[in-house]
Amino acid sequence: MPPLSTPSPLRFAANLSWLYTDLPFLDRFAAAARDGFTGVECLFPHEHPLPEIQARLRDLGLSLVLFNAEPGDWAAGERGLACLDGREDDFRRSTVAALARACALDCPRVHIMAGVPEAVATGTAPAQAWERCAERLAWAAEQARAHGRTLTIEPINPRDMPGYLLSRQDQAHALVQRIGSPHLRVQMDLYHCQIAEGDVTMRLRQWLPTGQVAHLQIAGVPDRSEPDQGELDHAWLFDELRRLGWQGWIGCEYRPRATPRPDAPGAATTQGLGWMRPST
């Protein structure tokens, strides 16, 4: 009987909107590279000069693996435009701009936020919000196909983002299946999954074999700090990902526990990376 092949090492991407936050955003790329990351992700790169990001990715040999499309008016509570009534034009502009930016930054994936629909007495999203979301995502997937990119949608737990349209894996996968485009996939954050649903190992076994998951993210539960503490056993989950043959990126979207040091910017993030060393 031939020996089993050695599983590929897991690939971790530093989320530069959550890590190294005591450094200016553009300086976080070099900090991530020094700590051994070869991939990075972030929330909203449109807030920073495109040529500056391009230069840092090129000069440091980093890959930008994911970012978010513009989500609307964040300060006013908007968390995406896909399901919002009367915002189709804004959604289309945001999507087109994000895809152009993804091409310029050689980024293969863009996260499209679904949004917080109009509140209703039952606490559930109205059917019209789901229909708007599906219609707009179908249109957006066609734009992604033309640009050679993949869009992702992410279930987000209701504790961190009350009222967000997507909170469960089955909801996101049902949208992907309905639209039927290879350019629309699910972004599975194990932190959100544990809070909203639990039973994370079985969720991975259920959804990863479908091929509909394009990106993973991690954080400790319940505090959203490093994944070496809390109720999730990430060593077990990393072994499970190897057993399942996961080849994609794993975004590190967490808040470091250590207190930032004015004399050593970035050290709080670096100090907490011990969990990653045995798994790469």
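This chain uses plain numbering: 1 for the first residue, then up along the sequence.
For the pair R243 and W236, the cation-pi criterion (under 6.0 Å, within 45° of the ring axis) is fulfilled. Geometrically, R255 does not engage W18 in a cation-pi contact, judged by NZ or CZ lying under 6.0 Å from the ring centre and within 45° of the ring axis.
The stretch residues 36-72 participates, sequence neighbours left out, in these ring-ring contact (aromatic ring centres under 6.0 Å, His included) pairs: F25-H48, F44-H46, F44-W74.
One hydrophobic cluster holds both V200 and L216 under the rule that ILVMFWY side chains link at heavy-atom gaps under 4.5 Å. Placement of L23 and Y254 within a single hydrophobic cluster is found when ILVMFWY residues are connected by side-chain heavy-atom separations under 4.5 Å, directly or transitively. Two different hydrophobic clusters hold L66 and L10 under the rule that ILVMFWY side chains link at heavy-atom gaps under 4.5 Å. Linking ILVMFWY residues whenever their side-chain heavy atoms come closer than 4.5 Å, directly or via other members, places F29 and L273 in the same cluster.
Nearest heavy-atom pair across I179 and A134 is CD1-O, 3.7 Å. Nearest heavy-atom pair, G39 versus V65, reported as atom, atom and distance to 0.1 Å: CA-CG1, 4.4 Å. Of all the heavy atoms in S63 and L57, the pair that sits closest is C-CD2, 4.3 Å. Nearest heavy atoms, V110 versus A102: CG2-CB, 3.7 Å.
The distance from the CZ atom of R203 to the CD atom of E197 is 4.5 Å, given to the nearest 0.5 Å. Note that CD1 of I153 and CG of L165 are 9.0 Å apart. Values are rounded to the nearest 0.5 Å. To the nearest 0.5 Å, the span separating SG on C193 from CE on M202 amounts to 12.0 Å. The structure places CG of L184 at 11.0 Å from CD of Q177, a figure rounded to the nearest 0.5 Å. For the atom pair CE (M188) and CD1 (I250), the distance works out to 11.5 Å, reported to the nearest 0.5 Å. Taken to the nearest 0.5 Å, the OG atom of S181 stands 10.5 Å off from the CG atom of L137.
Between D89 and R92, none of the side-chain N atoms (NZ, or NE/NH1/NH2) sits under 4.0 Å from a carboxylate O, so this pair counts as no salt bridge. Salt-bridge annotation for R132 and E135: absent, with no side-chain N of the basic residue lying under 4.0 Å from a carboxylate O of the acidic one. Between R28 and E52 there is no salt bridge, since no side-chain nitrogen of the basic residue lies less than 4.0 Å from a carboxylate oxygen of the acidic one. A salt bridge links R87 to E78: at least one charged side-chain nitrogen sits closer than 4.0 Å to a carboxylate oxygen. Between R257 and D228 there is a salt bridge, since at least one side-chain N of the basic residue sits less than 4.0 Å from a carboxylate O of the acidic one.
Contact check for F91 versus L84: no side-chain heavy atoms found under the 4.5 Å cut-off. A 4.5 Å side-chain heavy-atom check between V186 and T152 finds every atom pair outside the cut-off. Side-chain atoms of L16 and L43, non-hydrogen and from C-beta on, never get closer than 4.5 Å to each other. Side chains of P71 and L81 form no contact here, defined as non-hydrogen atoms less than 4.5 Å apart. Taking 4.5 Å as the limit, every side-chain heavy atom of E154 sits out of range of all side-chain heavy atoms of Q169. Under the 4.5 Å side-chain criterion, counting only non-hydrogen atoms from C-beta, C252 is in contact with L19. Side-chain contact check for L64 versus D106: every heavy-atom pair is 4.5 Å or farther apart. At a threshold of 4.5 Å between non-hydrogen side-chain atoms, the residues V213 and W246 count as touching.
Considering R109, H192, Q217, H215 as possible partners of Q187, the one that fulfils the side chain to side chain donor-acceptor pair (under 3.5 Å) test is Q217. Here the rule is side chain to side chain donor-acceptor pair (under 3.5 Å) with Y20, and of D35, T270, N15 only D35 fits it.
Counting only N and O atoms by type, the side chains of Y191 and D160 include a donor and acceptor under 3.5 Å apart.
In terms of modelled atom types and a separation under 3.5 Å, the side chain of R242 and the main chain of E240 share no donor-acceptor contact. Q171 places a side-chain N or O within donor-acceptor distance of the main-chain N or O of S167, the cut-off being under 3.5 Å.
Ring orientation note: the planes of W275 and F12 are nearly perpendicular, at an angle over 60° on the 30°/60° scale.
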